[in-house]
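Each ligand, and each atom within it, is numbered from 1 in the order the structure gives.
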Amino acid sequence: MLDGNQLRVLPPGFGRLQRLKMLNLSSNLLGEFPEAVLALPSLEELYLSRNQLPLLPARLCQLHQLRTLWLDNNRIRYLPDSIVQLHSLEELVLQGNQIAILPEGFGQLSRVTLWKIKDNPLIQPPYEVCMKGIPYIAAYQQELAHSQPALKPRLKLVLMGLKDAGKTLLRRCLMEEERQRDSPLAAAGKDGGRTQQQQDIALGLTPEGGGKIQLGHSPITEPRDASTSKSSSVGHTSIEQQDPLLSPSLKVAGKIKLEHQDVCLSPSPKVNGEAQIGHFPMLLERDAPLTPLVAGLTGTRQGIEVTDWTADAERGLTFIVYELAGDPSYDVIQSFFLSPGALYVLVVNLSAYTPHCFYSAVGYFLHWLGAKVPHAVVCMVGTHADLCAERELEEKCLDIHHQIALQEKRDAEGLQSLAQQVDNALGQDFDLRCSSPHTAFYGVSDKNLRRKKAQFQYLLNHRLQILSPVLPISCQDHYQVRRLRDKLLSVAEHRDIFPNLHRVLPKSWQVLEELHFQPQAQQLWLSWWDSARLGLQAGLTEDRLQSALSYLHESGKLLYFEEHLTLREYVFHNLPGLIDILNVFCQRDTTVLLQKLLSDTHIDELRTTQLHHYVEGFLLHGLLPAHVIRLLLKPHIQSREDLQLILELLEKMGLCYCINKPKCKPLNGATAWYKFPCYVKNEVPHAEAWINGTNLSGQSLVIEQLQIEYTFPFIFPSGLFARYSVQINSHVVQRSDGKYQIYAYRGKVPVVVSYRPARSTQQPDTLSIASHASLPNIWTAWQAITPLVEELNVLLQEWPGLYYTVHVLCSKCLKRGSPNPYAFPGKV
Ligand SMILES: Nc1nc2c(ncn2[C@@H]2O[C@H](COP(=O)(O)OP(=O)(O)OP(=O)(O)O)[C@@H](O)[C@H]2O)c(=O)[nH]1
C-alpha cells in the first residue's frame, strides 16, 4: 500500500518483487505509467487512481493475472487496443479521465463486473451505451461493424434569457432568414451600406474569432497569437495544443485575468497583429427601417417551445431549437431541457440592460446552466441593438464581459480556496482532525476528503465554455441575422467543440429515430411496446433498443425516463405536444386557463362559476381536481388512462403530487386532488418557530432536535424546492406546505423541510431537514429524516455542477435557540 504519498517514480529494482499480487499507488504524483509494474507477472490488483497518467502502455496486456485495474481520475486520453486482452479482468475503473473512444473488441472483457466510465468525453460508443456496461458496448460495436454507418448531424440549440430578452423574435428571424436567404431582396443585402469588415466587427465575427473570450478551463482555448495557430477557420486550438504544464486550476485563474484584461478591457484589441477599429459595434443604425424580415413575426408566445430548424440544408445540419421561457413560473420544468451536448445561446436585451441587473440577466443564467450542465458551450447574444446608441452599446457589452469575468474569477477562486482547505486537512493526521469538534473537517475520513477534493477538481475543470463576446444584434437587420446564423453554424460544426455532431452511428439507430418521428406517429407518446416494434423494424432487438432510446433522450430528440418505474413503459417522442401540456400548468394566467375550461359551448352558469373557483384555487393555492386537469388538457388526452399517465409524468417532473390518494390503492371513485407546490405562496409560521428550537409542544427539556443542513454557496436553482416537495410526498403524511417550508409527519414523528434563500450576497442559501424525538429514542428522528435526505441526494445528482455542503447542526445549540448553531461536517 503506497497510496497517498508524493511518489513521482518507483525506485529502481521495484520490478524484482515478482510475487507481488496487489499494488496500491493511488493518490500519488505519477506522471507516467511506471514501467516496473509491467515486470510484475503475478500482479492481480493494481490501483493507480488519482495520479496524472496521460497514457497506458500497450504492454499492459502482459499482466495476464490482472483482475482489478483502477485508473480513475487521471488524464488518460486513449486506451491501448491491447487492453481487451486482459481476459481475467473483473474490475475496470476509468472514470474521470479524457477518454473519447473505446478500442474495438470490448466484448472480450466479458468477465468485468465492476465497470466505471463516468466523467469521460465519450464519443464512440456514445456515453449512454458506455454507461450501460460491457455487454452493451460489445453489442454496439458489433452493430456498428455490421450495419452501414449513418451520419445525420442534428444539434440541440437552447435559447435562454430573461423575459422579453428577444428570444422568440430572434428564433423566428433566424428561421425566417433561412427561407428568405435565396430571395433577391436578401441577396441584395439590407446592411445599411456598411463594409463587410465593419459588419464583421459589429457581430464579433472577425477572422480567427477575434475578440472571443474564453472563460474557464476548456479544450477550446483560442490562441492569443493566431498566426502561430494551426487552427481551422474559426480559430480554435485542438486539445493537444494546450499547455500541459499548467495545472487546470492555474489555467482557470490565469486565463481569466489575461483574457479579461486583454480582451474585455482593452479598447483596441489586436487580432492577427493588426489593430482593430473597435471591439464592439458602433455602427448599428439607431433608426434603421423595419425590414420585411420582422414583419409578421412580432406575435407574443407563452412558455417553452421546440422547433426543428434546418440551418444548412446543403450540409444537412439541423438545429433542434429549444426556446425556454423567460417567465420564472416555468423554472420548475425548464431544467429538464438542459442537457449536455447542446449549444446554449444566452440572450440579453441590451436596450434594457443596466450593470445593476447583471446577475438577473446574465450571471444567474450562467450559474444555473453551469450547475446543471458543467462545461456547457455558451454564446452570448445581445438583442435590441437598434435601440441603443453606439456608445451605450459598447459600454453595455464591455460591462457584461467585465462582470462575467469577475463572476467566473470569484467562483474559481472560491473553489480553489475550498480545495486548499481540503488539502490542508489532508496534510493533517486523522487523529488530529478528531481531536476537537472545532477543528476543520472534524471526524472526516481521508477517503471522504479525497472525494471532496476530486469534486472540486471536477468543478474547476468543467467551467462553462463561453465562446464569444456579446454578439450585438438587431432582429431588424437581415445581414446581422444571417451572420449570427453563420456564427452558430461554425460553432456547431467545429469538431473540437461538438465532436459528437459528426459521430457515426449505426444505421439502425438512425432508422429508429426516423420511425419515431414519421408523420403517422403523431400521438403524444408511444408505449414501450410500440417503440419496441419500431425498434424491430429498424433492426434493433429489445435489449439494444434501451441504449438507442437513452441516446435520443440525451440528445434532446425525445423524452425517455429509463429509471422511472412507470414512465419507462412509455416513450415521449412528440416533444411539442408534451411541452404544450407542461406549458398549461406554468402559465398562471386566469384568462388563458378559463378559455381552455370554458371552450365547451354547453356549459351552464353554475358550472361556469364552479370553474372560475377552481381557477382561483389553482392560482392561489396550487390545487386542482383531476377532472379539471383533464378539461385543461382536453385536446391532448382522450381517455382516463391518458390522464393517469400525464399526471404521473407531472409528478415525476416535480410539478404536482396527489394529496388524497392512499399509497398503492385506487381512490374508489373519489375525486383526486393535485397540489402544485410552485404555486404555493403562504408561509408556515409554526414550522419556522419549531425549526429555530422553540418547541411547539413545550417539551424542550426532554426533546432532542436533529437537523441536517444543506448549504449552497453559489446557487440554489430556482424551482428545486418545489420539485423536492413533490419528491418527498410518498414519504410523509399530514403535510402543510408553505412557500419555503413543509411541515409534515413521518409516521408519528414530525419533520420540517425548510429552505432559506440567501439574505445577502455573502450568505449562502440553505435547505434543512429536521426532526425531533426524546433523547432515548433519537434514532426515530434519524429514521424519520433519512429517506428525505436520500431523496434530496438523488435529486441533487441531476445537478453535477452544483456545489453544496452537508452538515449536522449541534442539537444543544438548537435547543438553546442559538441563531448560529455549530455545524458538524462530514458525511451523513
Ligand atoms: N427593436 C427591437 N425589438 C426587438 C428586438 N428583439 C425583440 N424585440 C421585441 O422585444 C419584445 C420581446 O421580444 P420576445 O422575442 O417576445 O422576447 P422573449 O425573450 O421571447 O420573451 P419571453 O417569451 O417572455 O421569455 C417583442 O416586442 C419583440 O418584437 C430587436 O432586436 N429590436
Side-chain angles (χ1 to χ4, degrees), residues 157-177 190-192 199 202-204 280-281 283-307 309 321-335 337-338 344-353 357 360-362 364-365 368-369 378-390 392-393 396-397 400 470-485 487-488 576 579-580 582-584 586-589 592 718-719:
L157 178 86
V158 184
L159 296 173
M160 57 203 287
L162 277 181
K163 195 166 159 49
D164 290 337
K167 302 180 289 295
T168 309
L169 190 61
L170 184 67
R171 174 176 59 82
R172 291 184 182 176
C173 287
L174 281 166
M175 293 173 71
E176 189 64 15
E177 196 278 332
K190 293 260 174 190
D191 53 20
Q199 290 164 29
L203 279 166
F280 296 109
L283 307 150
L284 297 167
E285 289 144 38
R286 200 176 165 79
D287 302 315
L290 201 74
T291 68
L293 184 67
V294 186
L297 296 179
T298 46
T300 53
R301 188 202 50 81
Q302 286 256 308
I304 306 165
E305 201 161 307
V306 191
T307 25
W309 168 35
V321 186
Y322 280 66
E323 188 198 327
L324 301 190
D327 191 321
S329 329
Y330 292 81
D331 283 349
V332 73
I333 52 169
Q334 308 244 60
S335 58
F337 302 103
L338 306 182
Y344 292 87
V345 176
L346 177 50
V347 184
V348 189
N349 177 343
L350 288 177
S351 158
Y353 178 81
C357 69
S360 60
V362 181
Y364 171 77
F365 287 96
W368 177 53
L369 178 61
V378 190
C379 273
M380 299 287 308
V381 174
T383 57
H384 296 74
D386 52 304
L387 299 182
C388 301
E390 287 171 11
E392 179 193 352
L393 201 61
K396 286 184 174 176
C397 289
I400 294 173
V470 182
L471 306 178
I473 181 168
S474 158
C475 290
Q476 302 179 7
D477 189 322
H478 279 295
Y479 180 80
Q480 291 183 10
V481 173
R482 199 179 322 142
R483 295 308 300 249
L484 176 61
R485 166 195 162 273
K487 175 79 182 174
L488 294 176
I579 287 170
D580 273 353
L582 297 177
N583 283 338
V584 168
C586 298
Q587 270 161 0
R588 300 186 189 216
D589 186 324
V592 177
S718 81

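- Between L170 and ligand 1, no N or O atom pair is found at a separation short of 3.5 Å.
- Rounding to the nearest 0.5 Å gives a distance of 6.5 Å between CH2 of W368 and CG of D331.
- In terms of heavy atoms, S360 sits closest to F365 at O-CE1, 3.3 Å.
- Annotation: the span from Y330 atom OH to I304 atom CD1 amounts to 7.5 Å, rounded to 0.5 Å.
- Here CG of L488 is found 12.0 Å from CZ of R483. Values are rounded to the nearest 0.5 Å.
- Residue-ligand proximity, L169 to ligand 1, at heavy-atom distances under 4.0 Å covers atoms 4 (C), 5 (C), 6 (N), 7 (C), 8 (N), 15 (O), 28 (C), 29 (O).
- No N or O atom of A325 sits closer than 3.5 Å to an N or O atom of ligand 1.
- When all heavy atoms are compared, the tightest approach of I333 to C586 is CD1-SG, 3.7 Å.
- Of the possible polar contacts, one joining the K167 side chain to the G161 backbone as a donor-acceptor pair under 3.5 Å is found.
- By the criterion of a heavy-atom distance under 4.0 Å, neither the backbone nor the side chain of V347 is placed next to ligand 1.
- Residue contact check for ligand 1: E323 places a non-hydrogen atom closer than 4.0 Å to it.
- Polar contact with ligand 1: present for A165 (N/O pair, distance under 3.5 Å).
- Here CG of L157 is found 5.0 Å from CG of L159. Values are rounded to the nearest 0.5 Å.
- For the pair G166 and ligand 1, the shortest N or O to N or O distance falls below 3.5 Å.
- Contact atoms of ligand 1 toward G326: 25 (O) (distance under 4.0 Å to a heavy atom of the residue).
- For ligand 1, the atoms lying closer than 4.0 Å to a non-hydrogen atom of Q476 are 1 (N).
- Within the 4.0 Å heavy-atom cutoff, S474 counts among the residues contacting ligand 1.
- Between the side chains of E323 and T168, at least one donor N or O sits under 3.5 Å from an acceptor N or O.
- Distances between N or O atoms of D164 and those of ligand 1 include at least one value under 3.5 Å.
- With distances taken over non-hydrogen atoms, the option nearest atom 32 (N) of ligand 1 out of V481, V348, D386, I473 is D386.
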